[in-house]
Number of protein chains: 2
Amino acid sequence: MCGALGTWHTAGMTTAQGARARARAEITAAIKEAARRQLADEGAAKLSLRAVAREVGMVSSAVYRYFPSRDELLTELIIDAYDSLGEAAEQARDTAEDATPLARWTAVCEAARSWALAHPHEYALIYGSPVPGYSAPQTTVRAAARVGLALIGIVGDAREGTGLALPTLPAELRPEAERMAADFAPGLPVEAVPAMAAAWAQLFGLIGFEVFGQFHRVVEDREPFFRHAVRELARSVGIEE
Amino acid sequence: MCGALGTWHTAGMTTAQGARARARAEITAAIKEAARRQLADEGAAKLSLRAVAREVGMVSSAVYRYFPSRDELLTELIIDAYDSLGEAAEQARDTAEDATPLARWTAVCEAARSWALAHPHEYALIYGSPVPGYSAPQTTVRAAARVGLALIGIVGDAREGTGLALPTLPAELRPEAERMAADFAPGLPVEAVPAMAAAWAQLFGLIGFEVFGQFHRVVEDREPFFRHAVRELARSVGIEE
DNA sequence: GGAAAAATGAGAGCGGCGCTCTTGCTATGG
DNA sequence: CCATAGCAAGAGCGCCGCTCTCATTTTTCC
């Protein structure tokens with residue numbers, strides 16, 4: 001009975017389906033925004049679904065239509081944090097595009113540090129203790145890799161210029177180094193790959209100690225200290241001055 | 001039947017006040033032990049005073065006679081964790097007393113790593129995100145310093161043997177390096193001090209990435225990787241093979 | 001166009017949490 | 001021997017995550 005025309009594209013289709021979907025997207029975004037604000041203000045431990053609901057003017061049970069649990073909400077914030085940090089790092093890399101490898105390496109490291117100091121709670125969320133049981137599914141890995149990949153890219157470029165000067169690997173480490181190189185750093189000489197992974201972790205060791213207060217009354221003038229450490233880190237992956 | 005005044009040598013009590021005080025000490029210890037068990041099992045986030053009270057057979061409000069708040073309890077566990085880790089590190093250092101500086105350096109680093117892998121939740125408590133507002137008062141600093149001091153000691157010894165080969169410091173870092181040296185590494189040449197502080201943070205960067213799963217699907221064969229990284233770390237503070 | 005189905009939001013409620021306050025009791029110490 | 005200080009228990013406050021039910025919209029499909 002309904003005309004042939006009516007079946008698919010009924011009059012209000014875009015408005016109809018779109019309206020509902022868009023409302024949902026907007027509310028989801030509002031919830032995330034409120035959650036992000038709470039996270040930045042008070043930290044992950046104090047982030048509560050009920051408070052978020054209050055802030056967006058909902059009753060708490062309604063939020064569960066949008067996020068199945070508090071931890072799922074947190075997971076989304078984790079991914080956002082990784083992306084925010086990754087973007088800061090990539091932007092620093094691109095801004096220093098024409099500089100020397102050492103300058104670009106330093107720029108990326110300092111961007112990561114600045115981001116962490118500006119967003120300590122987000123930093124804690126991604127590089128501190130895993131919050132619940134934990135919640136790092138496959139979804140987060142891509143976002144999590146961005147800083148590391150930015151650094152790998154710089155080392156790769158440096159290698160094209162001057163050859164990297166690196167110590168030979170111990171035999172016990174060679175197979176693993178080759179696997180790692182094949183998996184995520186195909187452009188790099190095999191000797192550089194474990195050094196890269198170590199430098200990646202060590203960079204966040206330096207940043208984490210500063211953000212979490214471990215350097216309190218130990219290292220006070222932290223910027224020159226960090227710069228120096230990062231320069232040595234560059235040397236350890238074969239970037240020469 | 002409050003017996004005569006002789007009450008307190010009947011049951012083998014050593015001191016008068018000792019009876020009540022000892023009971024208090026025992027209960028305090030029992031509470032801490034239960035808390036430690038919960039921490040190891042479930043992590044700091046799930047540690048609840050009520051659950052601890054249940055485990056020691058008390059009502060929750062009674063626990064507040066012994067610890068003024070959950071965070072105070074956690075703070076004590078933090079100190080214990082620092083001490084446990086510090087003791088593991090010092091023991092490794094002392095066991096390798098007659099070995100080369102590099103071997104001793106490696107022993108301490110590997111002891112720290114092993115402790116962290118064996119006690120991930122305790123590790124998260126002390127090197128992960130600060131838990132509440134946070135709670136690192138003056139009480140914790142001494143315990144927190146033990147691993148760092150063990151490493152400083154090794155570098156100091158190495159310096160007495162062969163001279164350390166270290167790059168000169170940038171001028172901007174020199175004053176801070178001299179202050180740091182005066183404050184907590186008086187036996188070390190000034191060039192080694194920032195390198196030491198950096199190596200300290202970087203060591204826990206490596207360990208933290210492993211404990212918190214950041215190396216998942218990135219570094220798989222982690223022992224040789226760690227050994228290699230730690231050897232390079234030793235080089236960075238001037239310990240030669 | 002109208003009925004069936006799906007989505008949404010409110011409300012009440014469950015069990016658990018940290019923490020406080022009051023109430024009896026008992027060991028302690030003048 | 002009695003006043004007191006320390007202690008355990010209980011009730012209770014306000015918060016939390018999460019579930020379930022119920023009424024009210026849309027949306028979908030015939």
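Residue numbers begin at 1 in each chain, while the letters A, B, ... track the order of the sequences.
Residue B/Met58 contributes atom CE, which lies 13 Å from atom P of D/dG10 at whole-angstrom precision. What separates CD of A/Glu72 from C1' of D/dC18 is a distance of 14 Å, to the nearest Å. In this structure, CG of A/Leu73 is placed 15 Å from C1' of D/dC16, rounded to the nearest angstrom. B/Lys46 has its NZ atom 14 Å from the C1' atom of C/dG15, to the nearest Å. Remark: P of D/dG6 and CZ of B/Phe67 are 18 Å apart, rounded to the nearest angstrom. Rounded to whole Å, the distance from CZ on B/Arg22 to P on C/dT28 is 11 Å. A straight line from CD of B/Glu26 to P of D/dA8 spans 12 Å, rounded to a whole angstrom. Protein atom CD1 of B/Ile31 is 12 Å distant from nucleotide atom C1' of D/dC7, rounded to whole Å.
Between A/Arg50 and B/Arg24, the residue anchored closer to the 5' end of DNA chain D is B/Arg24, taking for each the nucleotide with the nearest heavy atom.
Using a 4.0 Å heavy-atom distance criterion, A/Leu47 is classed as a sugar-phosphate-only contact. Among the atoms of the strands shown, only primed sugar atoms or phosphate atoms (P, OP1, OP2) are found under 4.0 Å from some heavy atom of A/Ser69. Within the 4.0 angstrom heavy-atom criterion, only backbone atoms of the sugar-phosphate kind lie near B/Ile27; the bases stay farther away.
In this structure, B/Arg54 reaches the C/dC17 phosphate: one of its side-chain N or O atoms is under 4.0 Å from OP1 or OP2. Taking side-chain N and O atoms only, A/Ser48 has a distance below 4.0 Å to OP1 or OP2 of D/dC16. Distances shown here put a side-chain N or O of B/Tyr66 below 4.0 Å from the OP1 or OP2 atom of D/dA8.
For the pairing with B/Glu76, the salt bridge (charged side-chain N to carboxylate O under 4.0 Å, His left out) check across B/Arg70, B/Lys32, B/Arg36 returns one residue only, B/Lys32. With B/Arg37 as reference, B/Glu55 is the one residue of B/Glu122, B/Glu42, B/Glu55 to meet the salt bridge (charged side-chain N to carboxylate O under 4.0 Å, His left out) rule.
Annotation for B/Arg24: atom CZ counts as buried by contact number, over 12 foreign heavy atoms lying within 6.0 Å.
In this model, a side-chain donor or acceptor of A/Ser61 finds a partner on the base of C/dG11 within 3.5 Å.
For B/Tyr64, the side-chain atoms get nearest to C/dC19 when compared with the rest of D/dT19, D/dA8, C/dC19. Distance from the side chain of B/Arg65 is smallest for D/dA8 among the nucleotides D/dA8, C/dC19, C/dA10.
Distance alone, capped at 3.5 Å, places no donor-acceptor pair between the A/Glu110 side chain and the A/Arg227 backbone.
For the pair A/Arg113 and A/Phe226, the cation-pi test (distance below 6.0 Å, angle within 45°) is passed.
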